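Read through the structure below, which is laid out as structure tokens, and then see the notes.
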Amino acid sequence: MISLETVTVRYGSTPAVSSLTEEIGSGEWVGLIGPNGAGKTTLLSAVAGLVTHDGAIRVDGETVSDLSPRHLARLVAYVPQQPVLPPDMTVGQYVLLGRTPHIGYFGFETTEDRRVCGVLLESLDLGAMAERRLATLSGGELQRLVLARALAQEAPVLLLDEPTSALDLGRRVEALELVDALRRERNLTVLSALHDLTLAGQFADRLVLLADGRAVAIGKPDEVLTEDVLTGHFGAHVRVLRSEGDLVVVPQRVR
Ligand SMILES: Nc1ncnc2c1ncn2[C@@H]1O[C@H](COP(=O)(O)OP(=O)(O)OP(=O)(O)O)[C@@H](O)[C@H]1O
Ligand SMILES: [Mg+2]
């Protein structure tokens, strides 16, 4: 579904992603992990068509750099790490922005557009806030709203950049469970960057560990989330524990 072929992204002369080749299958959830500055956001924004790259990025067989923004928005929905949010817009208006690729030029939203948005706001616990201005929302409420907007797009590919960093423990799992349920229902393909390695391992089918813009480990969570691999690349001592089949990654203090 997402095909990356020797993808390189440079800011000036410095490569932030170097010669990355990977295939992500339809319906698969791949988690990007790696230390700060490893290139996770850069790779996601390249797939979202927001930064220029060398090599080829194809989504559903279409070359991303050849697509119009409207066409790309029907294929790919993106939750940025640092979304730009218009403070005076209401929650209801913002989530409807996700429907833009489905609304004709000069068209108005339909009952169906409003229904889709209403269901998502309810699922993300924002149903009572439709009239609230974005400036009045908490960090976690805003983050759930940005996810609602992306899901409202109903694109087959979902790119998530730290979508739960501001959420409390319960809502973190809830938001990812919603994504996972929609993935199963609609066969969505998900590419996410998550710093919470335990959650990354619980939700992703495969993990790609980036370091300095290169994929240094790729595989199932139990192949990538090992103490040796993580300690080597994160510059911290970690323990990887097992709890009822899940891997739990715990940072260790150096005493
Ligand atoms: N617009 C830009 N101009 C110049 N350098 C940039 C730009 N955006 C990112 N970089 C650099 O590219 C590298 C990769 O950044 P990126 O944001 O992709 O990292 P990341 O893996 O998402 O990190 P984090 O975990 O902190 O979100 C970093 O060194 C960063 O400083
Ligand atoms: Mg980032």
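Order of appearance sets the numbers: ligands from 1, and atoms from 1 within every ligand. Being a predicted model, the structure only gives us computed values, none of them experimental. All values below were derived from every heavy atom in this structure, side-chain atoms included, with hydrogens, water molecules and symmetry-related copies excluded. We count residues from 1, following the sequence as given.
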May I ask you to check whether Thr41 brings an N, O or S atom to under 2.8 Å from the Mg ion (ligand 2)?
-> yes
NZ/NE/NH1/NH2 to OD/OE distance under 4.0 Å, Arg58 and Glu5 = yes
Within 4.0 Å of some non-hydrogen atom of Gly39, the atoms of ligand 1 are 14 (C), 18 (O), 19 (O), 20 (P), 21 (O)
Identify the closest protein heavy atom to atom 17 (O) of ligand 1: which residue and atom is it, and at what distance?
-> Thr41 CB, 3.5 Å
Kindly indicate, with the supporting measurements, whether the criterion salt bridge (Lys or Arg N to Asp or Glu O under 4.0 Å) is fulfilled by Glu177 and Arg172.
-> CA-CA 9 Å; Glu177 289 288 11; Arg172 212 169 261 212; over 6 Å; no
For the residue pair Asp246 and Ser243, confirm or rule out a side-chain donor-acceptor distance under 3.5 Å.
-> no
N or O contact, Gly34 vs ligand 1, cut-off under 3.5 Å | no
Taking only heavy atoms of Gln81, which atoms of ligand 1 are found under 4.0 Å from at least one of them?
-> 27 (O)
Just checking, any donor-acceptor pair under 3.5 angstrom between side chains of Asp196 and Thr164?
-> no
Side chain Arg74, main chain His102, donor-acceptor under 3.5 Å | no
Pick one of side chain, backbone, both or neither for how Glu162 approaches ligand 1, counting any non-hydrogen atom pair under 4.0 Å.
-> neither
Is atom 30 (C) of ligand 1 less than 4.0 angstrom from some protein heavy atom?
-> no
Give the residue and atom name of whichever protein heavy atom lies nearest to atom 24 (P) of ligand 1, and the separation in Å to one decimal.
-> Asn36 ND2, 3.6 Å
Below 2.8 Å, any N, O or S contact between Thr42 and the Mg ion (ligand 2)?
-> no
Which residue owns the protein heavy atom closest to atom 14 (C) of ligand 1, what's the atom, and how far is it?
-> Gly37 O, 3.3 Å
Is Asp161 paired with Lys40 through a side-chain N to carboxylate O contact shorter than 4.0 Å?
-> no
Any protein heavy atom lying closer than 4.0 Å to atom 20 (P) of ligand 1?
-> yes
Taking NZ, NE, NH1 and NH2 as the nitrogens, is one of them in Arg144 or Glu141 under 4.0 Å from a carboxylate oxygen of the other?
-> no
Just jot down the ligand 1 atoms closer than 4.0 angstrom to any heavy atom of Ala38, in number order.
-> 19 (O), 20 (P), 21 (O)
Run the side-chain hydrogen bond (donor to acceptor under 3.5 Å, both in side chains) check on Asp54 and Thr6 step by step: do they pass?
-> CA-CA 8 Å; Asp54 292 333; Thr6 56; over 6 Å; no
Can we say Arg184 and Asp180 salt-bridge, meaning some charged N sits less than 4.0 Å from an Asp/Glu carboxylate O?
-> yes
re atom 6 (C) of ligand 1, the protein heavy-atom contact at minimum distance is Tyr11 CD1, 3.2 Å
How close does the nearest protein non-hydrogen atom get to atom 18 (O) of ligand 1, and which residue and atom is it?
-> Thr42 OG1, 2.5 Å
